[in-house]
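Remarks on the structure that follows.
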Amino acid sequence: MSAHVIVLPGGGYVQHAQHEAEPVAEWLTGLGLGLAASVFRYPLDVRHPVPLEALRAEIRRLRAEGADRIGLVGFSAGGHLAGLAALAADHDVRTSVQFAVLGYAITSMETETYRPSRIVLLGEDASPELRRATSLDALVTPTAPPFFLWHTAEDPYVLPEHTYRLATALAANDVPHTVHVYPHGPHSLGLARGAGEASTWTRSAAAWLAEQTGPATPPGRH
């Protein structure tokens, strides 16, 4: 069974953060898990659902090339897009996502943080219904794939509230998930090398990815 991980760098939906792109794909392929990994630079400065539709097209392309399991690793705004792809309903089974890793992700479009990304993606006058429909915590169902979430408590741009909101929804729906909130560290850490305790997220995620991509396990919590 082949697994392919798509890396989605952050950048507020206006740029792609380079340190959250190829270095992350190289880390994934170097884990010894047999993972293929690639960076997907989704469209910028466009309105929803353009980035989501582009990502779904990329997932379909990888499936056509033989990928059995598709995972997503996203940071900040890229984490929001990863969550949308993993959670938003779609009639096309080819776009299904089997697992997702979200780093300091924007999960809610209903809070005032991170407002700049919301304005880019949804517009200044987005309706409450649209903001709700693009908030990950509102999209979780019991059939959602497993999630690995990490954040830092000191993040001044995307508050850890975003991760807590998604984790609460995952728990309420009995979706397998792991959550790490580290006490120190700024936003946009990427692989977080040299960042103290937050640097351990890659070790924890590697063990979690081994569970997601290894031999099939019985239904229920991992």
Side-chain angles (χ1 to χ4, degrees), residues 6-21 24 39-61 70 72-92 94-97 100-141 143-145 147 149-152 155-170 172-173 175 186-190:
I6 302 171
V7 178
L8 302 165
Y13 281 113
V14 295
Q15 62 181 330
H16 296 124
Q18 176 55 36
H19 69 290
E20 297 167 353
V24 178
V39 176
F40 181 64
R41 288 179 167 81
Y42 46 90
L44 300 173
D45 283 312
V46 292
R47 294 287 174 85
H48 174 76
V50 174
L52 178 58
E53 290 174 344
L55 177 54
R56 284 174 167 169
E58 176 68 0
I59 293 171
R60 286 193 296 268
R61 184 186 71 81
I70 299 288
L72 305 175
V73 174
F75 301 88
S76 195
H80 177 257
L81 180 57
L84 281 179
L87 296 170
D90 188 25
H91 68 278
D92 190 345
R94 295 175 298 168
T95 64
S96 64
V97 171
V101 176
L102 274 53
Y104 41 88
I106 300 165
T107 69
S108 177
M109 291 290 167
E110 296 183 291
T111 74
E112 287 307 304
T113 62
Y114 182 56
R115 188 169 179 269
S117 292
R118 172 168 61 79
I119 293 173
V120 171
L121 191 65
L122 305 182
E124 183 76 62
D125 301 317
S127 68
E129 292 77 17
L130 179 58
R131 292 174 66 176
R132 182 70 174 162
T134 50
S135 293
L136 306 187
D137 55 302
L139 300 174
V140 176
T141 68
T143 60
F147 275 80
L149 310 176
W150 75 277
H151 219 119
T152 62
D155 192 328
Y157 294 108
V158 179
L159 302 184
E161 171 195 1
H162 283 262
T163 284
Y164 296 140
R165 286 173 74 117
L166 178 54
T168 298
L170 292 169
N173 285 274
V175 176
H187 187 66
S188 195
L189 280 172

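The first residue of the sequence shown is numbered 1, and numbering continues consecutively from there. Keep in mind it's a predicted model, so treat the numbers as computed, not measured.
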Closest heavy-atom pair and its distance - Pro9, Val39: CD-CG1, 4.1 Å
Find out whether Phe147 and Val140 are in side-chain contact, i.e. whether some heavy atom of one side chain is under 4.5 Å from a heavy atom of the other. no
Determine, stepwise, if the pair Ile106 / Arg118 fulfils side chain to side chain contact (heavy atoms under 4.5 Å, CB included). CA-CA 9 Å; Ile106 300 165; Arg118 172 168 61 79; over 6 Å; no
So that I can tick it off, tell me whether Arg60 and Glu53 are bridged by a salt bridge, with the cut-off set at under 4.0 angstrom between side-chain N and carboxylate O. no
Looking at every heavy atom in both Ala21 and Val7, which two are closest together, and how far apart are they? O-CG1, 3.9 Å
Close aromatic pair by centroid cut-off 6.0 Å: Tyr104 and His162: no
Interatomic distance, CG@Leu130 vs CD@Glu110, rounded to 0.5 Å, equals 10.5 Å
So do the side chains of Leu136 and Leu84 get within less than 4.5 Å of each other, counting heavy atoms only? yes
How long is the span from the CG atom in Asp155 to the NE2 atom in His187, to the nearest 0.5 Å? 5.5 Å
How close do Ala144 and Leu87 get, heavy atom to heavy atom, and via which atoms? CB-CD2, 3.5 Å
Distance-only, no hydrogens or angles: does the Ser135 side chain make a donor-acceptor pair with backbone N or O of Met109 under 3.5 Å? yes
Using atom types as modelled and distance alone, determine if a side-chain donor or acceptor of His16 lies under 3.5 Å from a backbone N or O of Tyr42. yes
Give the minimum heavy-atom separation between Leu52 and Ala88, together with the two atoms involved. CD2-CB, 4.4 Å
Value rounded to 0.5 Å, distance of CZ in Arg41 from CG in Leu55: 14.0 Å
Audit row: Leu149, Thr107, side chain to side chain contact (heavy atoms under 4.5 Å, CB included) steps and yes/no: CA-CA 11 Å; Leu149 310 176; Thr107 69; over 6 Å; no
Salt bridge Arg56-Asp90, side-chain N to carboxylate O under 4.0 Å: yes
Could you go through the side chain to side chain contact (heavy atoms under 4.5 Å, CB included) check for His80 and Leu121 one step at a time? CA-CA 11 Å; His80 177 257; Leu121 191 65; 3.6 Å; yes
Identify the two heavy atoms, one from Leu72 and one from Ala85, that lie closest to each other, and give their separation to 0.1 Å. CD1-CB, 3.8 Å
Taking NZ, NE, NH1 and NH2 as the nitrogens, is one of them in Arg132 or Glu129 under 4.0 Å from a carboxylate oxygen of the other? no
Strictly distance-based, threshold 3.5 Å: is any side-chain N or O of Asp92 a donor or acceptor partner for the main-chain N or O of Arg94? yes
Working to the nearest 0.5 Å, report the span between CG of Leu44 and OH of Tyr13. 10.0 Å
Show the nearest heavy-atom pair for residues Pro145 and Ala86, with the distance to one decimal. CD-O, 3.5 Å
Side-chain heavy-atom pair Leu159, Thr111 within 4.5 angstrom cut-off: no
Check: Ser188/His19 side-chain N/O donor and acceptor closer than 3.5 Å: yes
Would you give the length of the straight line joining atom CG of Leu139 to atom CG of Asp137, rounded to the nearest 0.5 angstrom? 8.0 Å
Starting at CZ of Phe40, measure out to CG of Leu81 and round the result to the nearest 0.5 Å. 8.0 Å
Within a strict 4.5 Å, meaning less than it, do heavy atoms of the Thr152 and Pro186 side chains meet? no
